[in-house]
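These notes are about the structure you will find just below.
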Amino acid sequence: MPELPEVENTLRYLRENGLIGMTIDSIWTESPNNIIGLSPEQFSNTFYGIAITTAERKAKYINISTETSCDYFSIHLGMTGSLSLDDTDAEMQKYCRHVIHLQERKELRFLDSRKFGKIIYQNKPKIPLMLDPLDPNFSLDDLPAKVKTRRATIKSMIMDQSIVPGIGNLYADESLFKAEINPFRPIYLMEIKDFLKLTESIKTVLNNALSQYDKSRESDGYKPEFNLSPWDIVRKENAECFRCLEPMFFARINSRGTYYCNNCQPT
DNA sequence: CAGGTCGCCTGCGGGC
DNA sequence: TGCCCGCAGGCGACCT
């Protein structure tokens with residue numbers, strides 16, 4: 001699933017392959033419901049002949065702005081989305097749902113088997129309470145007291161994009177496993193040392209994944225498929241815990257499949 | 001308001 | 001082997 005490292009990988013790939021400065025021609029879509037805020041025709045009219053000036057990540061959104069300061073759009077990869085910058089005559093990949101045609105025979109292809117991804121005109125994502133987890137100053141210990149005393153689970157908190165930007169289900173489980181914190185632990189039972197430990201494990205997990213993607217882009221080029229991360233957590237119920245060999249637990253938190261080791265991760 | 005649940009959507013894996 | 005059912009989940013809408 002595209003979470004923060006996968007979205008960042010995609011962004012770095014787009015920048016390395018010269019997206020900045022390319023000029024938009026038109027958009028084609030097989031799935032207009034996933035284009036938000038403008039019809040595909042309006043999108044094409046609005047952005048025709050306009051150059052892309054920046055591409056930045058906010059949480060799991062890629063925000064693309066143009067030389068007209070007010071017109072920009074965001075791309076969200078959903079669960080199965082990926083982007084590919086290709087020559088117009090390059091062989092078409094499976095599940096291509098949208099194509100942003102660029103000038104000089106280039107195109108940005110949005111592949112997305114399950115159609116959860118979106119292209120959003122003038123999206124204004126909520127400003128999260130926390131810095132981006134890749135920011136060196138990111139620390140969960142800086143959470144406002146109002147959040148620290150909530151009764152919700154720690155997993156739902158770190159997956160809440162309005163609190164911590166960019167973490168999704170898989171990296172949440174992995175971070176909690178690494179920090180030896182039970183995903184069901186209520187936030188108000190988290191001590192300072194727990195917040196610091198979880199902060200460190202989030203940074204480690206995300207940066208490890210990102211360096212895998214950086215290496216991969218250097219050696220084999222960008223690959224739209226994800227999951228290069230070497231996970232420690234075993235995502236299989238009753239399978240042996242990687243660390244203590246006790247059986248792994250499965251549960252749902254906010255209807256997300258959650259794996260944890262009840263032995264290594266005390267509540 | 002906090003917090004939980006649902007529905008969007010479709011490929012794929014497990015089970016028979 | 002082939003078919004079919006249900007699971008997977010980010011996010012916003014909605015409910016309690």
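Order of the sequence lines fixes the chain letters, A, B, ..., with proteins taken first and strands second; residue numbering starts at 1 for each chain. The basis for the numbers below is simple: all heavy atoms, side chains too, and nothing from hydrogens, waters or symmetry mates.
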Separation of atom CG in A:N254 from atom P in C:dC11, rounded to whole Å:
13 Å
Please identify each residue that fulfils side chain to side chain contact (heavy atoms under 4.5 Å, CB included) with A:N238, with sequence neighbours left out.
A:P247
Has A:K60 got a side-chain N or O lying under 4.0 Å from the OP1 or OP2 atom of C:dC11?
yes
Can you tabulate the close N/O pairs, meaning under 3.5 Å, that link protein atoms to atoms of nucleotides 9-13 of chain B?
from   : atom 1 : to     : atom 2 : distance (Å)
B:dT10 : OP1    : A:K115 : NZ     : 2.7

From the set C:dG9, C:dC11, C:dA8, return the single nucleotide nearest to any side-chain atom of A:Q161.
C:dC11
Atom pairs and distances, side-chain donor-acceptor, residues 183-193 of chain A, under 3.5 Å, sequence neighbours left out:
from   : atom 1 : to     : atom 2 : distance (Å)
A:R185 : NH1    : A:D194 : OD2    : 3.1
A:R185 : NH2    : A:P266 : O      : 2.9
A:Y188 : OH     : A:R151 : NH2    : 3.4

Does A:K197 offer a backbone N or O that forms a donor-acceptor pair with the side chain of A:E200 under 3.5 Å?
no
Enumerate, in order of first residue number, the stems that involve DNA chain B, defined as 3 or more consecutive Watson-Crick or G-U wobble pairs with both distances under 3.5 Å.
B:2-16 with C:2-16
If you assign A:S255 and A:T149 each to the DNA chain B nucleotide with the nearest heavy atom, which residue ends up on the more 5' nucleotide?
A:T149
Within 6.0 Å of OH in A:Y48, more than 12 heavy atoms from elsewhere
no
Between C:dG10 and A:R256, counting only base atoms on the nucleotide and side-chain atoms on the residue, is there a donor-acceptor pair under 3.5 Å?
yes
Taking only residues two or more places apart in sequence or in another chain, which ones pass ring pair (Phe, Tyr, Trp, His ring centres under 6.0 Å) with A:F177?
none
Salt bridge (charged side-chain N to carboxylate O under 4.0 Å, His left out) filter on A:R150, not counting sequence neighbours, yields none
Quick one: is B:dG3 close enough that its OP1 or OP2 comes under 4.0 Å of any side-chain N or O from A:R151?
no
Among the candidates B:dA2, C:dG12, C:dG9, find the nucleotide nearest to the side-chain atoms of A:Y61.
C:dG12
Nearest whole Å is fine: how far is B:dA2 P from A:D160 CG?
10 Å
